[in-house]
J.: 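Have a look at this one before I ask anything.
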Amino acid sequence: MPTHVPGPRIAVVGGGIGGLAAAAFLHRAGLTATVHEQAPALAEVGAGLVVAPNAVRLLRRLGVMPHFTRQAVPLDWGWEFRRWADGSVLSVEKLSGVCERLYGERTYVIHRADLLDTVKAAVPGDWIRLGARCTAVEPRPDGALLHFADGSRAEADIVIGADGVHSVVRNTLAQPAPPEYSGICAFRTIVPAHSAPDFALRPAQTLWLGPGRHFVHYPIAGGSAVNVVAFAPAGDYTDESWSATATIEEFHAEFAGWDRRVTDLITAGGIPGRWALLDRAPLRHWSRGRITLLGDAAHPMFPFFAQGAAQSIEDAATLARCLAESVDDPEQALKRYESARIERTTRLQQVSHARRDINHLPDGPEQQARDATLAGSDPLVNNGWIYGHDAEEALIS
Ligand code: FAD
């Protein structure tokens with residue numbers, strides 16, 4: 001158990017995966033914090049996440065692996081790319097054994113709610129304040145004053161904005177501007193295992209690539225369901241609420257003519273969720289004085305490298321260590337945190353952005369060249385800079 005000494009009053013705004021990870025790592029470092037979450041209960045939307053070794057090694061240090069592995073599915077089969085029209089395999093990479101050998105951890109897939117629960121298990125319950133929607137953060141010479149929608153206020157010595165892509169805290173640090181619509185929307189659905197075809201129950205992440213669209217699925221919830229997420233042009237659709245839905249017919253219309261295995265999964269899934277992906281250019285700075293950002297508030301990214309939540313966990317680990325090692329000089333700690341993180345997260349924002357065009361090429365010579373490259377590529381090794389990274393060790397070297 002960490003020993004807690006009276007330290008700075010740290011306010012974390014947002015109790016998503018990033019905010020709770022920040023609280024968990026602060027707790028491990030012997031500091032204390034309050035998490036202010038706007039929702040009346042901690043919850044995550046019904047969808048899945050890939051958790052790569054760079055995040056798994058940090059979860060292990062939080063001591064939550066028994067909790068995590070109860071629901072997470074190790075991607076032992078690996079990942080595979082298939083062609084939209086006939087399902088022919090463009091590339092396949094087995095992960096079992098290889099991932100551990102290269103990076104010391106496996107890659108998993110998990111329901112978002114299960115990951116949130118896992119991280120929450122490492123946070124003292126009385127640190128979390130629910131129904132607390134922050135409306136403004138007023139910088140003060142030695143901290144900040146937080147204002148909430150119910151009229152309450154809280155003083156803090158340090159503020160961590162983990163309040164997602166619409167961050168209110170970000171408005172204190174950067175020119176307030178709404179995120180832009182990316183022109184892409186995501187359909188998501190969860191198929192119960194008993195309705196899913198066998199091939200979708202393999203511990204594999206399968207990505208079907210087609211013109212202007214791609215379709216992804218993998219098992220979650222201990223193998224009791226299949227997570228489906230598919231990306232298509234958004235047209236004039238701009239609703240990015242996690243609770244917005246589409247009809248099965250709209251989902252089918254986007255993937256008409258695709259391999260039967262894709263369309264069967266759409267049929268099996270029930271009413272799909274649909275939301276527009278948002279976009280923001282990378283920030284040049286995200287800390288000022290004693291206020292900083294973390295996760296999507298700092299660096300939202302397209303989900304095409306499946307790294308957004310993982311990066312928020314990395315941020316949390318780095319930030320907690322910087323604060324613990326420089327507890328008397330929080331401004332210096334926040335500067336050190338930002339400079340340790342910004343280059344890496346900016347690069348991930350950029351490569352995730354570029355992946356959109358690559359995944360969505362129309363059939364033709366460029367698509368054939370992409371498929372030939374995929375056939376000879378080794379994403380696990382090529383992306384070693386992502387999966388091999390240790391967010392705590394990187395501070396020391
Ligand atoms: P959020 O999850 O947005 O959490 C913000 C929290 O702050 C919420 O709880 C919110 O209620 C609260 N909040 C907001 N405003 C306020 C306020 N004013 N006051 C108080 N509380 C507030 N990442 C991966 O690592 N792997 C994947 O496979 C993956 N797949 C994805 C697939 C899709 C389709 C999408 C869209 C994203 C995916 N991501 C993935 C990215 C990942 O979902 C995000 O990067 C991650 O959830 C960010 O976490 P966060 O805690 O920073 O922000």
Side-chain angles (χ1 to χ4, degrees), residues 11-23 34-56 58-59 75 79 107-113 115-116 119-120 128-137 146-150 154 159-172 179 182 184-189 205 207 214 216 218 220 227-231 240-242 273-279 293-316 345 348-349 352 386-387:
V12 180
V13 181
I17 290 162
L20 289 189
T34 303
V35 179
H36 303 274
E37 165 58 43
Q38 65 181 1
L42 289 181
E44 262 291 357
V45 69
L49 285 169
V50 180
V51 188
N54 54 310
V56 177
L58 299 175
L59 293 175
L75 266 189
W79 43 53
T107 294
Y108 295 84
V109 279
I110 190 168
H111 193 292
R112 298 175 73 101
L115 181 60
L116 193 78
V119 180
K120 190 178 80 176
I128 301 169
R129 187 176 159 232
L130 297 170
R133 184 164 71 82
C134 181
T135 50
V137 177
L146 290 91
H147 297 259
F148 295 92
D150 63 2
V159 177
I160 300 170
D163 48 345
V165 67
H166 295 289
S167 175
V168 165
V169 183
R170 180 183 171 120
N171 293 342
T172 318
S182 63
I184 304 177
C185 71
F187 290 86
R188 72 180 153 78
T189 190
Q205 182 188 18
L207 299 95
H214 77 283
V216 184
Y218 45 79
I220 52 168
N227 180 71
V228 172
V229 59
F231 302 92
E240 53 84 41
S241 150
W242 287 98
R274 182 188 190 194
W275 75 104
L277 291 189
L278 297 177
D279 202 8
L293 301 176
L294 170 154
D296 277 9
H299 44 67
M301 55 188 71
F302 286 171
F304 306 147
F305 273 78
Q307 275 289 317
Q311 291 307 305
S312 74
I313 295 170
E314 286 192 8
D315 286 346
T345 56
L348 268 157
Q349 284 178 290
S352 303
I386 301 176
Y387 309 129

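Just so you know, residue 1 is the first one in the sequence shown, and it goes up from there. Indexing begins at 1, ligand by ligand and atom by atom, following the structure's order.
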J.: Considering Glu37, His299, Met301, His36, which one's heavy-atom position lies nearest to atom 9 (O) of ligand 1?
T.: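 Selected option, by shortest heavy-atom distance: Glu37.
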J.: Hey, is ligand 1 close enough to Val165 that some N/O pair sits below 3.5 Å?
T.: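 N/O-N/O distance under 3.5 Å: no.
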J.: Looking only at distances, can you tell me whether any N or O atom of Gly308, backbone or side chain, sits closer than 3.5 Å to an N or O atom of ligand 1?
T.: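 There is such a contact, yes.
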J.: Backbone N or O of Gly14 within a donor-acceptor pair of the Gln38 side chain at under 3.5 Å?
T.: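 No, because the side chain of Gln38 does not come within donor-acceptor range (under 3.5 Å) of the backbone of Gly14.
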J.: Which of parallel (below 30°), tilted (30 to 60°) and perpendicular (above 60°) describes Phe231 and Phe304?
T.: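 The arrangement is perpendicular - the two ring planes meet at more than 60°.
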J.: Below 4.0 angstrom from a heavy atom of Gly295, which ligand 1 atoms are there? Numbered from 1 as shown, please.
T.: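 The atoms of ligand 1 under 4.0 Å from a heavy atom of Gly295 are 52 (O).
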J.: Could you tell me whether some N/O pair between Asp296 and ligand 1 is separated by less than 3.5 angstrom?
T.: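 Indeed, backbone or side chain, Asp296 has an N or O that close.
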J.: Ignoring angles and geometry beyond distance, decide whether Arg112 reaches within less than 3.5 Å of ligand 1 through its nitrogen or oxygen atoms.
T.: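 By distance alone, the answer is yes.
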J.: So does Gly48 get a backbone contact from the side chain of Tyr218, meaning a donor-acceptor N/O pair under 3.5 Å?
T.: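 Such a contact is found between Tyr218 side chain and Gly48 backbone.
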J.: Looking only at heavy atoms, is any part of Pro303 under 4.0 Å from ligand 1, and if so is it the side chain, the backbone, or both, or is it neither?
T.: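 The answer is the side chain of Pro303.
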J.: Can you sort out which atoms of ligand 1 are near Val50, meaning under 4.0 Å from one of its heavy atoms?
T.: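 Once the distances to Val50 are compared, the set is 24 (C), 25 (O), 26 (N), 27 (C), 28 (O).
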J.: Does any N or O atom in Cys134 lie less than 3.5 angstrom from one in ligand 1, N or O only?
T.: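 So ligand 1 has an N or O lying under 3.5 Å from an N or O of Cys134.
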J.: Would you mind finding which of Gly18, Ala309, Gly19, Ala22 brings a heavy atom closest to atom 46 (C) of ligand 1?
T.: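 It is Ala309 whose heavy atom sits nearest to atom 46 (C) of ligand 1.
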J.: Which pairs pass side-chain hydrogen bond (donor to acceptor under 3.5 Å, both in side chains) with one or both residues in residues 296-305, sequence neighbours excluded?
T.: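 Pairs touching residues 296-305 that pass the test: His299-Asp315.
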J.: Show me which atoms of ligand 1 lie under 4.0 Å from any heavy atom of Trp275.
T.: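 Going through ligand 1 atom by atom, the ones under 4.0 Å from Trp275 are 34 (C), 36 (C).
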